[in-house]
2 protein chains.
Amino acid sequence: MIDYALLLKEHQLKATFQRMQILEVIEKYGHIAIEAIYEEVSRIHSSLSLATIYKNIVLMTQKGVLTEIPIIGEKSKYEIIKDEHIHLICTECGTVIDKMLDDDTAIDTEKVAKTSSFSLEHRQVNLYGTCDHCQS
Amino acid sequence: MIDYALLLKEHQLKATFQRMQILEVIEKYGHIAIEAIYEEVSRIHSSLSLATIYKNIVLMTQKGVLTEIPIIGEKSKYEIIKDEHIHLICTECGTVIDKMLDDDTAIDTEKVAKTSSFSLEHRQVNLYGTCDHCQS
DNA sequence: TCCTTAGTAATAAAAATTATCCATAAGGAA
DNA sequence: TTCCTTATGGATAATTTTTATTACTAAGGA
Ligand SMILES: [Mn+2]
Ligand SMILES: [Mn+2]
Ligand SMILES: [Zn+2]
Ligand SMILES: [Zn+2]
C-alpha cells in the first residue's frame, strides 16, 4: 500500500483527488497505458477528464513519480518508479513482468558506457518473448 | 552500400522507387523517426506521400527489414536490421549510438529469461545519458 | 511488350495528444 | 476554522499523428 499523498508531496506535487485515483490504478495494474488508465478510472472511480490524465501523466513523469516504458509495436505504458529492474514483455498477451537483477544476472552496462565515453543516467532493458502462461 | 533492391526482395517485397528512397534515408541517418524521414525525402529526393512512408515503415518492420526503437520521451526511431547491438541514447542531442556487444560486455539476459520461464525472442537495451560530444 | 496485381498519391477520416480558459479545490496563512 | 492565493481540473477546441479509402500507376513476371 503506497501512501500516494506522501509520494506526491515528496515530489512537490499537490495531492489532488484525481492524481491519487490515477496512481491507484497504475499501482493496481503495475504497468498500464494512458487509454487504459482512463477506462479503468472511468469504470471504477468517478469520471476524470482524459486531458487531466494526460496532463498528470506527463507531469508526474517529469517530477520523477512515474516512468515511461516505451514498447515496440504498442503505446507506452507507465509505472510508479521503484528500484531498478528490467521488463519481460509478452508479445502474446502484452503482460509486462518486472524482473529485479541480482548479482547473478547483473547487466554490465556500466562497462559498455565507459568504453564509449558515455555518461550513463538511465538503463532500459526490455526482453520480448512469450510468458509462462502463454506458452501453454 | 546496401543493395536495397536485394534487401527488399529477400523479404518478399517489391523494390519500388519509394521504398528504396526511404531505405536510403534511414541508412544515411542510422536511426531516424518517421517525420524526419519525410522531411529528408522531400528535401533531397522527390516528394513522397507521408502515407506512403507510414505504410512502408509498418510493412518493412513487419517483414523484418526494419526494426523499431522506442525511446523514452520521444517518437520511435527506425533502423535497418543488423547484428544485435544495444543503443546509447543521448538525452541532450537525441543521437542514437550503436554499441555491439563483445564477450567482455555481454548481457546475460538468457539467464534472466530462463529463471522466469520466459521464452526470449528479442532484446532491447537502451542506455540513456549524455554522449561524448554533449559532455564538452 | 503486355498483363496482372500490388503500390502510390491524394485526401479524408480517425485516433492521439496538447492547448485554452473558466470554475474549483488544495494547502498555507491568519 | 476560515480565508486567500494559486495551482489544478473539466470541457472542449485545436493540433498532431496515424490509418483508411480510392482511383491511378508502376513493378515484375509471362
Ligand atoms: Mn516495471
Ligand atoms: Mn542501432
Ligand atoms: Zn503472455
Ligand atoms: Zn549528445
Side-chain angles (χ1 to χ4, degrees), chain A residues 3-26 32-66 68-78 94, chain B residues 3-26 32-43 45-63 65-66 68-78 94:
Chain A
D3 183 340
Y4 304 123
L6 179 61
L7 178 63
L8 288 166
K9 281 170 187 166
E10 283 173 347
H11 292 84
Q12 290 76 49
L13 290 170
K14 281 191 180 179
T16 68
F17 174 76
Q18 289 84 348
R19 282 173 189 163
M20 296 202 278
Q21 299 269 295
I22 293 169
L23 288 173
E24 196 180 308
V25 169
I26 295 176
I32 187 170
I34 288 182
E35 188 61 30
I37 295 173
Y38 180 58
E39 285 165 14
E40 181 71 359
V41 167
S42 304
R43 200 169 63 78
I44 304 293
H45 304 288
S46 57
S47 168
L48 306 203
S49 167
L50 182 56
T52 295
I53 295 180
Y54 269 102
K55 273 186 289 193
N56 280 301
I57 293 296
V58 169
L59 186 62
M60 289 192 283
T61 300
Q62 284 174 350
K63 294 286 191 176
V65 175
L66 302 179
E68 178 186 353
I69 305 160
I71 298 173
I72 291 176
E74 43 185 306
K75 304 229 160 285
S76 287
K77 292 191 164 79
Y78 294 82
Chain B
D3 183 338
Y4 304 122
L6 179 62
L7 178 63
L8 287 165
K9 282 170 187 165
E10 284 173 347
H11 293 84
Q12 291 76 47
L13 290 170
K14 280 191 180 179
T16 68
F17 173 76
Q18 289 83 350
R19 282 173 190 164
M20 295 202 279
Q21 301 270 295
I22 293 169
L23 287 173
E24 195 180 309
V25 169
I26 295 177
I32 185 170
I34 288 182
E35 189 62 30
I37 295 173
Y38 180 58
E39 285 165 13
E40 180 71 359
V41 167
S42 303
R43 201 169 61 77
H45 305 287
S46 57
S47 167
L48 306 203
S49 166
L50 181 56
T52 294
I53 295 179
Y54 268 103
K55 272 188 291 193
N56 280 302
I57 293 296
V58 170
L59 186 62
M60 290 192 283
T61 300
Q62 284 174 350
K63 294 286 190 176
V65 175
L66 302 179
E68 180 186 352
I69 305 159
I71 299 172
I72 292 176
E74 44 185 305
K75 303 222 161 291
S76 288
K77 291 191 166 78
Y78 294 83

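Throughout, a chain's letter reflects where its sequence line sits, starting with A, and its residues are numbered from 1. These numbers come from a predicted model, not from an experiment. Just so it is clear, the values below take in all heavy atoms, side chains as well, and ignore hydrogens, waters and symmetry mates.
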Where do [X] and [Y] come nearest, in terms of heavy atoms and distance?
{"X": "A/Tyr38", "Y": "A/Ser49", "result": "CE1-C, 4.2 Å"}
{"X": "B/Ile26", "Y": "B/Tyr78", "result": "CG2-O, 3.8 Å"}
{"X": "B/Tyr4", "Y": "B/Glu24", "result": "OH-CA, 3.5 Å"}
{"X": "A/Lys63", "Y": "A/His11", "result": "O-CD2, 3.0 Å"}
{"X": "B/Val25", "Y": "B/Ile37", "result": "CG1-CA, 4.2 Å"}

Name the nucleic acid region contacted by B/Leu48, choosing base, sugar-phosphate or nothing; use a 4.0 angstrom heavy-atom cut-off, strictly under.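 Sugar-phosphate contact only.
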
Pairwise distance CG(B/Leu13) to CG(B/Asn56) - rounded to 0.5 angstrom: 8.0 Å

Rounded to the nearest 0.5 Å, what separates atom CD in B/Glu40 from atom CG in B/Leu48? 11.5 Å

Side chains of A/Glu68 and A/Ser76 only: does a donor on one sit below 3.5 Å from an acceptor on the other? yes

A/Leu8 CG to D/dT8 P: how many Å, rounded?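 So the two atoms are 10 Å apart, to the nearest Å.
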
Any residue in residues 50-60 of chain A with a heavy atom nearer than 4.0 angstrom to DNA chain D? Just list them by number, or reply none.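 Close to the strand are A/Ala51, A/Thr52, A/Lys55, A/Asn56.
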
Under 4.5 Å between any side-chain heavy atoms of B/Val41 and B/Gln18, yes or no? no

Selection: residues 11-24 of chain B, any non-hydrogen atom under 4.0 Å of DNA chain C: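 Of all residues in residues 11-24 of chain B, the ones placing a heavy atom under 4.0 Å from DNA chain C are B/Lys14, B/Thr16, B/Gln18, B/Arg19.
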
A/Arg19 side chain to A/Lys14 main-chain N or O, any donor-acceptor pair under 3.5 Å? yes

What are the 5'-most and 3'-most nucleotides of DNA chain C lying under 4.0 Å from any heavy atom of chain A? C/dA16 to C/dG27

